[in-house]
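Accompanying notes for the structure given below.
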Amino acid sequence: MHALGQAGEWAELERFSKSKKPPVGLEAFVEVCSKHKNVAEAMKYIARVQPDQKVKCLLKIGQKKSAAEAAFENHSEDDLNLVLQKCGAADKQLVENIRSMKQQLGGRR
């Protein structure tokens, strides 16, 4: 997998991910794409990862807003907190949105 990513063999990597039973989870494919800064390719795998892994995968490729949305869809305050931890000073609007999401989740209980 790492060799395919390093060589930029994205089509072959995708073919491998769709084999009957790849030896690793889809998160590993996201990791390879992230390492080689190919966000578009990583998104193909993120669409197929288990919902409980989606937030972490999105954060690996720097997609904080999408990660927050996925956490909210999963009703996961823990994942929203994880996204908050990754936010910096430039993410003021996102921080406000996440706090609002957390309040909404709290109100559903």
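Sequential numbering from 1 along the given sequence is applied to the chain's residues.
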Is any side-chain heavy atom of Leu26 closer than 4.5 Å to a side-chain heavy atom of Ser17?
-> yes

Pairing of Glu31 and Lys35 as salt bridge, 4.0 angstrom limit | no

Does a donor on one side chain sit under 3.5 Å from an acceptor on the other, for Glu77 and Asn81?
-> no

Measuring from His36:NE2 to Leu4:CG, what's the distance to the nearest 0.5 Å?
-> 9.5 Å

Sub-3.5 Å donor-acceptor pair from the side chain of Tyr45 to the main-chain atoms of Cys33, do we have one?
-> no

Quickly, which of Val30, Val83, Val49, Ile46 forms a side chain to side chain contact (heavy atoms under 4.5 Å, CB included) with Leu58? Name it, please.
-> Ile46

Would you indicate whether the side-chain heavy atoms of Asn74 and Asp52 approach each other to under 4.5 Å?
-> no

Roughly how far, to the nearest 0.5 Å, is CG of Leu84 from NZ of Lys64?
-> 11.0 Å

Is a side-chain donor or acceptor of Ser34 paired with a backbone partner of Ile61 at a separation under 3.5 angstrom?
-> no

Determine, for Glu96 against Lys92, whether the closest basic-nitrogen to carboxylate-oxygen distance falls under 4.0 angstrom.
-> no

Does any N or O in the side chain of Asp91 come within less than 3.5 Å of the main-chain N or O of Gly88, such that one atom is a donor and the other an acceptor?
-> yes

If you draw a 6.0 Å radius around NZ in Lys60, do more than 12 non-hydrogen atoms from other residues or ligands fall strictly inside?
-> yes

For the residue pair Phe29 and Phe16, categorise the inter-ring angle as parallel (less than 30°), tilted (30 to 60°) or perpendicular (more than 60°).
-> tilted

Measuring from Ile98:CD1 to Lys86:NZ, what's the distance to the nearest 0.5 Å?
-> 12.5 Å

Glu27/Lys56 salt bridge by N-O under 4.0 Å criterion | no

Between the NE2 atom in His75 and the CG atom in Leu105, the distance rounded to the nearest 0.5 Å is 7.5 Å

Enter the distance from Ser76:OG to Lys54:NZ here, rounded to the nearest 0.5 Å.
-> 13.5 Å

Below 4.5 Å, heavy atoms only, C-beta onward: do Glu9 and Leu13 meet side chain to side chain?
-> no

Which pair of non-hydrogen atoms, one from Val55 and one from Ala67, has the smallest distance, and what is that distance?
-> CG2-O, 3.5 Å

Residues, nucleotides or ligands: over 12 heavy atoms within 6.0 Å of Gln6 CD = no

Kindly say whether Met43 contributes a backbone atom to a donor-acceptor pair with the side chain of Arg48 at under 3.5 angstrom?
-> no

Rounded to the nearest 0.5 Å, what separation is found between the CZ atom of Phe72 and the CG atom of Leu80?
-> 8.0 Å

